[in-house]
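See structure below.
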Amino acid sequence: MLKYSLARVGLFVVVAAILVAIPVQVNILLKLMVAVIVSALLALFLLRGMRDQVAEHMAGTARRRADEKARLRAALAGDDDAGAKDRDTDTEA
């Protein structure tokens, strides 16, 4: 995820540097706002693969957390299956 974030920031820096270097009499903040929009549009196409990887990673993490949450709730509710699973892992360790 850090790699994707750095790629987004790097893309913005490159676009901003190009726009700032253009000798047009426009406010610097306007150039930076345009750089944000242009870099976001470029990121849609150029960083698609990285974005998909980050989304898969985040979905996997959310799935694992939901499974763990359900297991803990079942254990707290006194579900025998969850308790047996916990006892099995305790005896293995």
Residue pair R65 / T61, side-chain heavy-atom distance below 4.5 Å | yes

For residues [X] and [Y]: do they belong to one hydrophobic cluster (side chain heavy atoms under 4.5 Å, members Ile, Leu, Val, Met, Phe, Trp, Tyr)?
X	Y	result
L11	L6	no
L42	M33	yes
L30	I22	yes
M1	M50	yes
V15	I28	no

Say you draw a straight line from [atom1] of [X] to [atom2] of [Y]; how long is it, rounded to the nearest 0.5 Å?
X	Y	atom1	atom2	value
F45	R51	CZ	CZ	9.0 Å
D52	Y4	CG	OH	9.5 Å
I18	K31	CD1	NZ	12.5 Å
Q53	L47	CD	CG	11.0 Å
M58	R63	CE	CZ	12.5 Å
L41	L46	CG	CG	10.5 Å

Scan V38, V36, L32 and name whichever one has a side chain to side chain contact (heavy atoms under 4.5 Å, CB included) with V34.
-> V38

Nearest heavy atoms of F12 and A35, plus distance in Å = CE1-CB, 3.7 Å

